[in-house]
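First the structure, in the form of C-alpha cells, and then the observations on it.
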Amino acid sequence: MAVIYDAARTDLGAFLNRHDDGGARLDLLVPDARCAGCLSKIEREILALPGVASARLNLTQKRLTVEFGKGGEDPAAVVAALERLGYPATPYDPGRAQDAHDREGRRLVLALAVAGFGVMNTMMFSVPIWAGLFGQELGPATRTLMMWFSGVVGAPCALYAGLPFFRSAWRSLKARRANMDVPISIGVLLTLAISFSETVLGGRDAYFDAAVSLLFLLLIGRWLDHRLRARASSAAADLLALQAPSAIVMGPDDALVARPVAEVRPGDRLLLRPGERVPVDCRVLSGASELDNSLLTGETAPVAVSLGGDCRAGALNLSGTLQLVAVARSEDSAVAAIARLVEAGAQAKSRYVRLADKAAGLYVPVVHTVALLTFAGGWALGLGPREALIRAVAVLIVTCPCALGLAVPAVQITASARLFRRGVLVKSGAALERLAEVDHVVFDKTGVLTEGRPRLVDAMPRTLAMAAPLARVSRHPLARALADAAGSGPLASEVTEHAGQGVEGTIDGRRARLGRAAFVGVDGAGSETELWFGFEGDIKIRFRFADSLRPDALETLEALAARGLSVEILSGDVPGAVGRVAEALGVAAWRAGCTPQDKAARMDELAAAGRRVLMVGDGLNDAAALAKAHAAMAPGSALEASQNAADLVFSGERLEPVVAAFDVARSARRRALENFGFAALYNVVAAPAAMLGLVNPFVAAIAMSGSSLIVTLNALRTGLRR
Amino acid sequence: MNIVMFLAPFSLGLGLLAVAAFWWSLKAGQYEDPAGDAARILVEDPEDRPIA
C-alpha cells in the first residue's frame with residue numbers, strides 16, 4: 001500500500017485560529033519571501049483562493065497571515081498554492097509568550113514617547129530659568145511661573161514614564177531585594193518632591209527637566225535591551241518552526257492530518273517523508289529507509305530500518321517514505337531524560353550575575369551614603385535643612401546611573417547587531433558577557449567540526465562521470481553527494497528508485513544500478529558509507545564517502561589557539577572517526593563514544609577545575625552539555641533542544657562565526673568596562689561639586705546628557721575592526 | 001508677558017498632538033513590518049494599499 005503525500009489533501013485544522021464569528025486565521029512562516037515581487041505575487045494568488053478573506057505578508061518577519069471567511073476555510077489549499085508558487089510554507093503558532101513580549105515592548109515605547117515629549121516641553125520652560133541663573137533679566141515672579149509650568153508638564157510625564165521602573169522596584173522590594181530600579185525610583189520621586197516644594201517656597205532650584213530626561217535616557221537603555229531579547233527570541237522561534245513543525249498523522253481512512261508534535265499519541269499512525277525528522281519515538285509499519293542519527297548520537301553512518309524497526313525522535317529520514325506507529329508521546333520520548341539535564345543546566349545559568357548588576361551592587365550603597373552624608377553633614381555645618389536637602393538631591397541627580405542603565409545595553413545591542421549581520425544570533429546580553437569570560441572551548445565533532453553530511457572521497461573522474469546520470473535523479477544523500485561532486489550533466493531515463501536499496505535506470509541504452517552492494521550485485525556486507533555502481537553484466541565500481549571537515553575548521557581552531565584558548569573534542573562517534581578528525585586538526589585532547597551524560601559530566605569536571613567553558617555542539621546528545629557550559633553555541637542546523645540550550649546560534653557552512661562571536665564579545669566587554677570607568681571618573685568629579693553646592697539645574701542637565709552621549713558613542717565602537 | 005500665557009499652552013498642545021499621533025501610529029501597527037512597507041510602494045497593483 002503506497003500512501004502519497006499531497007499538500008492539498010492534508011488537514012491543517014489544528015493550526016487554525018478560529019474567531020467567534022465563524023471565520024478563522026492561519027499563520028504561516030514563508031522563509032523564502034524576500035522582495036516586493038514575492039510579496040505581491042503571494043498576496044494576489046492567496047487572495048484569489050476560494051474562502052480567503054484577506055492575505056497579508058509581513059516581509060520583516062516573513063509571516064503570512066491568512067484570514068478565512070465564515071465556514072470557507074481550506075488551509076491546505078493555501079499551503080499547496082504557496083508550494084506551487086515556489087515558496088515552501090510552515091504552519092506557525094504565534095503563541096502567547098510572543099504576544100506578552102510585544103505588549104511589554106509597546107508599553108516601553110509609549111513610555112519613551114511620553115518621556116521624550118516631557119523632556120522637550122519641560123526644557124522649553126527650563127531655558128528661561130537657566131538664563132536667569134546667568135544674570136539675564138528674569139524676575140522672581142516669572143521664574144516661579146516658569147517653574148510651575150515645567151512642574152505641571154514634567155511631573156505627570158515623569159510619573160508615567162517612570163512606571164516601568166517603579167513597578168520593577170516594587171516587585172524586587174517585595175522579594176526583599178534591591179535592584180537597580182530601587183535607587184532610580186527613589187531618586188526620581190525625591191527629585192520631584194523637592195522640586196515642587198522649591199516651587200511653592202519660591203526657591204531657585206527645580207529639577208523637573210532632570211527627572212524626565214533621566215528617565216528618557218534610562219528608557220532608551222531599557223528598550224534596547226528589550227529589543228535585543230525580542231528579536232533573538234522571534235528569530236529563534238522561526239528557526240525552530242521550520243524544523244519540527246508538525247507530524248503527519250494518518251486517520252482510519254488514510255486521510256492525512258497535520259498535527260502539532262505535542263498532540264501525537266501512542267498508537268497514532270504517522271507518515272514520514274524523506275528529509276523529515278521522526279517526531280516521536282516510533283516503530284516502522286511499512287516501507288524501508290535509512291535514518292541519520294547523527295544529531296542524536298553523533299554517529300555519522302546512517303542506519304537502515306525496515307518493518308518493525310525502532311526509530312528514535314529526532315532522527316532524520318533519508319531515502320524512503322515510511323509509515324510509522326507512535327510508541328511514546330513527545331514528552332516521554334527518549335529526549336525527556338536529556339531535557340531534564342538541560343533544565344538543570346539552565347537553572348545554574350540563570351544564577352549568573354550580569355556586569356551591570358555587579359556594578360549596581362557597588363554603585364547603590366556608595367551613592368546613597370554620599371547623598372545621606374551630604375544632607376547630614378550640610379545640616380550639621382549650618383546650611384539649614386532645606387539647602388542641605390537640595391544638595392543631597394543634586395548629588396543623586398548628577399551621579400545618575402545612566403552609564404549603568406544605558407551604556408551596557410547600547411554596547412550589547414551594537415555587538416549583537418554586528419554579529420547578526422555575520423550570521424550569528426545572540427539570544428541575550430548575558431550570553432555575550434559569559435562568552436567574553438571563556439578560556440576553554442569544547443567542540444562536538446559531527447555537524448560542528450565536520451559538515452555533518454557525506455562527501456565523496458578520492459574518485460576517478462571517469463567513473464564519476466559514468467555513475468553521475470543515475471546519481472542526479474536520486475534523492476539519497478550519498479547519491480546527492482556524488483551528483484554534487486560530478487556537477488551538472490545528462491540524466492538517466494526510465495528511473496525507478498528502490499527505497500533503502502538504490503536506484504535503477506537507463507544510461508545511453510544500458511540498464512545500470514546505483515546503490516547498496518547487494519542491490520548492485522556485489523557479494524559481501526558492504527558498508528553504510530559506500531555506494532556501488534555498475535552497468536548490467538559489467539564490472540562494479542565502489543564509491544566511498546566520508547563526513548568531511550568544515551572548510552575553515554583548521555583556521556578556526558588556530559585562531560582560537562592564537563587567542564589563548566585551549567580546545568577539546570567530545571564526540572559520541574567511534575574512536576577511529578574522532579581520532580582522524582582530531583589528528584587532522586591538531587587537537588590533542590579528545591574523547592570518543594561519549595553519552596550525553598558523559599558530556600555533561602565533563603562540563604561539571606571542567607567547571608570544578610575553574611575553567612570557563614564554551615561548548616559548541618548541535619546534537620541532542622550535546623544539549624545537556626550546552627546547558628551546563630559557561631557559554632554555548634549551536635549551528636543553525638542543530639536540533640530544537642540544542643538551539644534552546646545554546647546562548648548563540650550561528651548559520652552557514654563556516655565555523656569562523658565562533659571566532660567572530662568571541663572577538664565581538666570580548667570587545668563588548670572592554671567597551672562596557674570603559675564606560676564604567678568613564679562613569680566612575682565622572683562621578684568622582686560631579687559628586688563633590690554637587691556636595692559643595694556648585695551644581696545648579698543647568699549644570700545637572702548638561703552633565704547628564706553629556707555623559708550619556710559619551711558612553712553611547714563609545715558603545716558604537718564595539719566590534720569595529722581596526 | 002501676556003503672550004506667554006497664550007504661546008506656552010499652544011506649544012504644549014502641539015507637543016501633545018505629536019504624542020497622540022505617535023500613539024495612534026503605534027496602535028495602528030505601522031512599525032510592524034518596515035521591510036514590507038518599503039517593498040509595497042514598488043507593487044504596481046492599485047488595489048494594494050497599506051492597511052489602516
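Here is the naming used below: chain letters follow the sequence lines, and residue numbers restart at 1 for every chain.
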### Query
So which part of A/Met124 gets closer than 4.5 Å to some heavy atom of chain B, the side chain, the backbone, both or neither?
side chain
### Closest non-hydrogen atom pair, A/Ala36 against B/Ala39
CB-O, 3.4 Å
### Message
Heavy-atom cut-off 4.5 Å, strictly under: side chain, backbone, both or neither for A/Val153 against chain B?
### Response
side chain
#### Entry: Heavy-atom closest contact (A/Phe117 atom, B/Val19 atom, distance)
CB-CG2, 3.3 Å
### Query
Measuring from B/Asp33:CG to A/Leu39:CG, what's the distance to the nearest 0.5 Å?
7.5 Å
### Query
Got a sec: does the CZ of A/Arg84 have more than 12 other heavy atoms crowding it under 6.0 Å?
no
### Query
Are A/Leu145 and B/Met5 side-chain neighbours, meaning at least one heavy-atom pair lies under 4.5 Å?
yes
